[in-house]
Amino acid sequence: MTCPAAHDPQAVSLGGPRFQTDPIELYREMRRDHGAVAPVVLDGDIPAWLVLGYRELHQVTSDPVLFSRDSDLWNQWDRIPADWPLLPMIGRKQPSILYTVGERHRERAAVISDALESVDPFELKGHAERFADELIDTLCGKGACDIVGEYAMLLPLRVLARIYGFSDEEGPGLVTAMNDMINGREGALDGQRHLGGSMYALLAAKQAVPGHDVASRMLANTAGFTVDEVAQDLMVMMAAGHQPTADWIGNSLRLMLTDNRFAASLAGGRHSVGEAMNEVLWEDTPTQNVAGRWTSRDTNLGGRRIARGDLVLLGLAAANADPHVRTDAGTLTGGNNAFFSFGHGEHRCPFPAQEVAEVIARTGIEVLLDRLPDVDLAVPASALARRPSPWLRGLTELPVTYTPTPALGATR
């Protein structure tokens, strides 16, 4: 069966540059031209639907049977070449929790949540402060740096690796491997092999000598999961926890450095960091779009006829800005947490994982403002560029200047 979106001459290419340069206006135009559900095409003219409406996205994520996470349902697999660039994101027969459905998914999600809930929040914050200080020690004497490449992209995985059970010495290598995978260039496959090999080695070590860490807790569960399943889920958790958290740090600092409302925050250190982070989740969410869900039968959504096996993409950023639920887009979001930035429903980011990400991101921002209190943007705000991705929204770099200060070493 062919996805009806393939026959729409007005279908929007999801690889277009405006997802990088002007996504807010692009989503507004798509909503005007197509309504709450828009036809789009992926690499290789592969059709899909992008859900733009807040209510429609709530409907999709609330019904995991009709809108399934089982990618085997896709009616386009016969058109997907072996070297399709989106296969790492939209895969088939993947053993991780991402593509597990039903009771097995709920059991795996419970194991992950239980393991993360056992992380001591004070220890987590302590790890985040220590690694943040170590990174800033390498930067503070220079007077200028790229916060994204030299700080935000290095911090989250160091902390995650520590609470998962890796040694501190293994952390930098894991960071390099993960960032090579994310960049998708010549080092991507080597990075993937390094991450996979390291994860299986960690689990073998924890089977022999369990510790007080996430990997040991997951191995000790009584739900009958294999080492392969635990390894796959830990790798998914690391990837999902690293890049969006790094972008949360970068996007929040960009907002604080370019918006006059936060000028006092920079001068005063930690004030309003939480407000900036919350606003980013509404207005500049690190995860723009998510692939995806597949319809288990013919249905209607947002006035569109969706055929069985169609791919439905979750437009998180577009739904956050839906004028039907945000009648005054200029109003500050304050403490309103009804955004879709962590997903919704059975397959949303587990609450303990959200809390871990928030602690890492907030601590990273607060430590940087403590250590470099006069940090300022080194280029015009208009010169800041985003990575060319319709999926994750983050800066390619965030160049800043500040007064050089001495390193703290172990004295903090």
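Side chains are part of it too, since the values below use all heavy atoms of this structure and drop only hydrogens, waters and symmetry mates.
Between the side chains of T403 and D374, a donor-acceptor pair is found at a separation under 3.5 Å. Between the side chains of D310 and N75, at least one donor N or O sits under 3.5 Å from an acceptor N or O. One side chain, D247 or Q243, offers a donor N or O that lies under 3.5 Å from an acceptor on the other. The closest side-chain donor-acceptor pair between H194 and D180, if any, does not fall under 3.5 angstrom. Judged by distance alone, the side chains of N289 and Y27 do bring a donor and an acceptor atom under 3.5 Å apart.
A donor-acceptor pair under 3.5 Å is absent between the side-chain atoms of S68 and the main chain of V65, judged by distance alone. Judged by distance alone, with hydrogens and angles left aside, the side-chain atoms of S216 form a donor-acceptor pair with the main-chain N or O of G211 at under 3.5 Å. Under a 3.5 Å cut-off, the side chain of R308 and the backbone N or O of S296 do form a donor-acceptor pair. Using modelled atom types, no side-chain atom of D298 and backbone atom of A307 make a donor-acceptor pair closer than 3.5 Å.
A distance of 6.0 Å separates CD1 in I249 from CD1 in I365, rounded to the nearest 0.5 Å. One finds the CG atom of L14 at 9.0 Å from the CD atom of Q288 (value rounded to the nearest 0.5 Å). To the nearest 0.5 Å, atoms CG (L57) and CG (L52) are separated by 9.5 Å. To the nearest 0.5 Å, atoms CZ (R362) and OG (S252) are separated by 10.5 Å. Distance check, rounded to the nearest 0.5 Å: OH of Y54 to CD of Q59 gives 14.0 Å. Summarising the geometry, atom CZ belonging to R293 is positioned 12.0 Å from atom OG belonging to S71; distances are rounded to the nearest 0.5 Å.
Taking 4.5 Å as the limit, every side-chain heavy atom of I360 sits out of range of all side-chain heavy atoms of W248. Under the 4.5 Å side-chain criterion, counting only non-hydrogen atoms from C-beta, Q10 is not in contact with P39. A heavy-atom distance below 4.5 Å is not found between the side chains of V51 and L313. With a 4.5 Å cut-off on side-chain heavy atoms, D43 and W84 count as touching. At least one side-chain heavy atom of M237 sits under 4.5 Å from a side-chain heavy atom of M218. Contact of the Y151 side chain with the V400 side chain is not registered, since no non-hydrogen atoms from C-beta on lie closer than 4.5 Å. Taking the side chain as every heavy atom from C-beta outward, R28 and I24 approach each other to under 4.5 Å. Counting heavy atoms from C-beta outward, V312 and L50 have side chains that stay 4.5 Å or more apart.
A salt bridge (Lys or Arg N to Asp or Glu O under 4.0 Å) check over residues 226-237, counting only residues at least two apart or in different chains, returns the pairs R104-E229, R108-E229, R108-D233. The salt bridge (Lys or Arg N to Asp or Glu O under 4.0 Å) analysis of residues 159-170, with sequence neighbours excluded, yields the pairs R130-D168, R162-D168.
Nearest heavy-atom pair, G394 versus N251, reported as atom, atom and distance to 0.1 Å: CA-OD1, 3.9 Å. For the pair P404 and G143, the tightest heavy-atom approach, listed with the atom from each and the gap, is CG-CA, 3.8 Å. The nearest pair of heavy atoms linking G292 to L311 is CA-CD1, 4.1 Å. Nearest heavy atoms, V375 versus Y402: CA-CB, 4.0 Å. In terms of heavy-atom proximity, R371 sits nearest to C140 at NH2-SG, 3.8 Å. Closest approach of V37 and R304 over heavy atoms only: O-NE, 3.2 Å.
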Please walk me through it: do L377 and L384 pass side chain to side chain contact (heavy atoms under 4.5 Å, CB included)?
CA-CA 10 Å; L377 199 60; L384 297 175; 4.3 Å; yes

Between L392 and R387, does a side chain to side chain contact (heavy atoms under 4.5 Å, CB included) hold up when you go through it step by step?
CA-CA 8 Å; L392 296 172; R387 290 194 310 276; 3.6 Å; yes

Using the rule given for side chain to side chain contact (heavy atoms under 4.5 Å, CB included), can you reason through D213 versus Y164, listing the C-alpha separation, both sets of side-chain angles and the distance that settles it, and then say yes or no?
CA-CA 5 Å; D213 49 67; Y164 287 2; over 6 Å; no

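The only option from V111, L124, V214 that meets the side chain to side chain contact (heavy atoms under 4.5 Å, CB included) definition with L116 turns out to be V214.
Salt bridge status for E117 with R217: absent, with no side-chain N to carboxylate O gap under 4.0 Å. Ion pairing between E25 and R18 fails under the 4.0 Å rule for side-chain N and carboxylate O.
Partners of D284 under the salt bridge (Lys or Arg N to Asp or Glu O under 4.0 Å) rule, at least two apart in sequence or in another chain, are R254, R386, R393.
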